[in-house]
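Since the structure comes first, as structure tokens, the remarks are kept for the end.
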2 protein chains.
Amino acid sequence: MADQGSSVDRVYATLRDMAINFDFKPGERLNETALTSKLNVSRTPLREALNRLVAEGFLTLAKGQGFFCRPLSPEQILELYQLRCALETEALRHGVEVATDAEIAEFCAYLNATETTYDSCDDLTELLKMDEEFHMRLAGLSGNNELCRMLKNVNERIRYVRLVNLRQLRGMDCTEAGDNTFLSAHRAIANAVQNRDTQTALTALRAHIERRSEQTIELVRLAYSQLYVPS
Amino acid sequence: MADQGSSVDRVYATLRDMAINFDFKPGERLNETALTSKLNVSRTPLREALNRLVAEGFLTLAKGQGFFCRPLSPEQILELYQLRCALETEALRHGVEVATDAEIAEFCAYLNATETTYDSCDDLTELLKMDEEFHMRLAGLSGNNELCRMLKNVNERIRYVRLVNLRQLRGMDCTEAGDNTFLSAHRAIANAVQNRDTQTALTALRAHIERRSEQTIELVRLAYSQLYVPS
DNA sequence: GTGTTCTAAACTGTATACAGCGCTGTCGAA
DNA sequence: TTCGACAGCGCTGTATACAGTTTAGAACAC
């Protein structure tokens, strides 16, 4: 993290983080000159980074009006959840076929290693990171880099909403719907993968993902309410 | 098509087409100054377009060395075929559920309308475009824009190899493995969709796509051989 | 003839400058 | 009072200029 290399890369990373966390509010117009002074770069590398982010779906670009933050709508989030489901299930299919026993063992070992942290973890951001890591490793078993790249992108774009979701569950303090289910679902998937039981694993994975996507509408509403409160 | 708007958009569209057709050879380094004079723009909008293309997977960017054309490898193509399968099958799942009868009817009507062109078509580029259109419309039934966006991108990135594939089939003049199978497969899928028979449709679609992906290695070899012959 | 080092050209990455467009806010007229 | 036009400002989009780095080529040693 010491030297991020070129300006563009550093700026790009910063802006992407900001976009992920909705530091830019949905639909908000980005002022380039303001960002240049904030990030201490000229407009040239800034705009190069912004263009990348447009291509990745984090921003939009209106001709003659500049760059805007992506909107936040239930439809969009639902679409991304479906996309995630598509990518993960396909990865699972291939992972069960091509992954070596050693690779699967390592995957399960990771789950075991993090197991104790699942409910003892106070920091929801950390918990979410663990969950994403689990799913990325699962996808990684397929050996399909393109698939993983896209999944990473999708995860980043829905991360904010998922975080809101976790906050809500934590707030309800309802363990049966909360973290424990997280863990047990992951366990079930991992076990099925270890047994090379594609169908069981697929069903469990799909249920695990789609479960979250059902409450999208309320979730986005909740997200909005949290977006505009001063932290 | 008259006025492509800003320079960036025009340059971007041109460069993307060139990348799709492998006018840049795999791994080739792009000379920016050469491109500026070729496209009659300065380096600023050129680089913005190039950055977008990097984010979309058409180019790569090496620090201090500039932009390169994406590599062309069997592994990569196979990954993209799998990705395509993931996206299309998921779209199909939802399409069968959410599409109205009218929408499905229109979809089938398109297939019927183009039906006669399938084997009478000499221009393989045109044939390929028809095939892509069919699959995009099929995916469109899901109503999932994000999914369609990604599918479009994947299709563009494998288009060259698919074209080579078609040329090969045409060369063999083997109708049983050629265009007719194309059409009958599409028919089978469309029928299953119309009957809201998800499983049959899924099986047919997956087979239709994976069938092509089996011969990836020879196909990429063939692609290379065609890439460097003067047209 | 082959390998190595040094020099110069070329190219990338970034900053700055400029033109054109859109937006806003005020002033005037109905 | 409200609607519309005009002026001023700000911002985007593009071109150009400059510094640092890489690469290619030539000269020289082995």
Side-chain angles (χ1 to χ4, degrees), chain A residues 1-19 22-71 228, chain B residues 1-19 22-71 228:
Chain A
M1 197 69 94
D3 186 22
Q4 264 289 3
S6 62
S7 279
V8 204
D9 291 343
R10 189 173 46 81
V11 170
Y12 166 74
T14 307
L15 290 174
R16 197 186 53 178
D17 281 345
M18 295 175 72
F22 276 107
D23 289 342
F24 311 122
K25 302 312 171 201
E28 177 187 352
R29 177 180 183 162
L30 307 192
N31 189 325
E32 294 181 17
T33 41
L35 285 173
T36 52
S37 48
K38 184 168 189 171
L39 301 176
N40 271 29
V41 282
S42 76
R43 283 181 59 220
T44 312
L46 175 73
R47 282 179 60 90
E48 292 196 5
L50 291 172
N51 270 285
R52 286 194 212 172
L53 292 168
V54 169
E56 290 173 355
F58 289 109
L59 304 176
T60 63
L61 173 55
K63 264 199 63 62
Q65 288 159 276
F67 296 88
F68 294 80
C69 182
R70 69 191 187 282
Y228 294 98
Chain B
M1 197 73 91
D3 185 22
Q4 263 291 1
S6 61
S7 280
V8 205
D9 290 343
R10 188 173 46 80
V11 170
Y12 166 74
T14 308
L15 290 174
R16 198 186 53 178
D17 281 345
M18 295 176 73
F22 276 108
D23 290 341
F24 310 121
K25 303 312 170 200
E28 177 188 353
R29 176 180 184 161
L30 307 190
N31 189 328
E32 294 181 17
T33 41
L35 285 173
T36 53
S37 48
K38 184 168 188 172
L39 301 175
N40 271 28
V41 283
S42 75
R43 284 181 57 218
T44 311
L46 175 72
R47 284 179 60 91
E48 292 197 5
L50 291 172
N51 270 286
R52 285 193 212 173
L53 293 168
V54 169
E56 289 173 357
F58 289 109
L59 304 176
T60 63
L61 173 55
K63 261 201 68 61
Q65 289 158 277
F67 296 87
F68 294 80
C69 181
R70 69 191 187 283
Y228 294 98

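It should be emphasised that the depicted structure is a prediction, and the values quoted were computed from it without experimental measurement. FYI, side chains are in, hydrogens and waters are out, and symmetry mates aren't considered; it's all heavy atoms of this structure. Naming convention: chains lettered A, B, ... in sequence-line order (proteins, then strands); numbering from 1 in each chain.
- Between A/Thr44 and C/dT14, a side-chain N or O to OP1/OP2 separation shorter than 4.0 Å is absent.
- Contact record, B/Ser42 with B/Pro45: OG-CD, 3.1 Å, taken as the closest heavy-atom pair.
- Across the protein-nucleic acid pair, A/Asn51 atom CG and D/dT14 atom C1' stand 13 Å apart, rounded to whole Å.
- In this structure, the CG atom of A/Leu50 is 15 Å from the C1' atom of C/dT14, given to the nearest Å.
- Counting only distance, with no hydrogens or angles, the side chain of B/Arg70 and the backbone of B/Ala19 share a donor-acceptor pair below 3.5 Å.
- Scanning all heavy atoms of the two residues, the minimum distance from A/Val8 to A/Ala49 falls at CG1-N, 4.0 Å.
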- Task: Just do the side chain to side chain contact (heavy atoms under 4.5 Å, CB included) check on A/Leu15 and A/Phe58 with the steps written out, would you?
- Result: CA-CA 10 Å; A/Leu15 290 174; A/Phe58 289 109; over 6 Å; no
Distances for protein N/O vs nucleotides 11-13 of chain C N/O pairs under 3.5 angstrom?
residue: C/dC11; atom: OP1; partner: B/Asn31; partner atom: ND2; Å: 3.0
residue: C/dT12; atom: OP1; partner: B/Leu30; partner atom: O; Å: 3.2
residue: C/dG13; atom: OP1; partner: B/Gly64; partner atom: N; Å: 3.3
residue: C/dG13; atom: OP2; partner: B/Arg47; partner atom: NH1; Å: 2.7
residue: C/dG13; atom: OP2; partner: B/Arg47; partner atom: NH2; Å: 3.2
residue: C/dG13; atom: N7; partner: B/Arg43; partner atom: NH2; Å: 2.8
residue: C/dG13; atom: O6; partner: B/Arg43; partner atom: NH1; Å: 3.0

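- A distance-only check finds no donor-acceptor pair linking the side chain of B/Arg47 to the backbone of A/Glu48 [under 3.5 Å].
- Relative to the axis of its first five pairs, the axis of the last five pairs of the helix from C/dG1-D/dC30 to C/dA30-D/dT1 sits at 10°, rounded to 10 degrees.
- B/Arg52 places no side-chain N or O within donor-acceptor distance of the main-chain N or O of A/Val54, the cut-off being under 3.5 Å.
- Put simply, CG on B/Leu35 is 17 Å from C1' on D/dA15, counting in whole angstrom units.
- Residue A/Leu46 contributes atom CG, which lies 15 Å from atom C1' of D/dT14 at whole-angstrom precision.
- Nucleotide D/dT14 holds its P atom 13 Å from the CD atom of A/Glu48, rounded to whole Å.
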- Message: Let's go through B/Leu50 and B/Leu61 carefully: what are the C-alpha distance in whole Å and the side-chain angles of both, what is the deciding distance for side chain to side chain contact (heavy atoms under 4.5 Å, CB included) to 0.1 Å, and is it a yes or a no?
- Response: CA-CA 9 Å; B/Leu50 291 172; B/Leu61 173 55; over 6 Å; no
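- Few gaps surround NZ on A/Lys25; more than 12 heavy atoms of other groups in view lie less than 6.0 Å from it.
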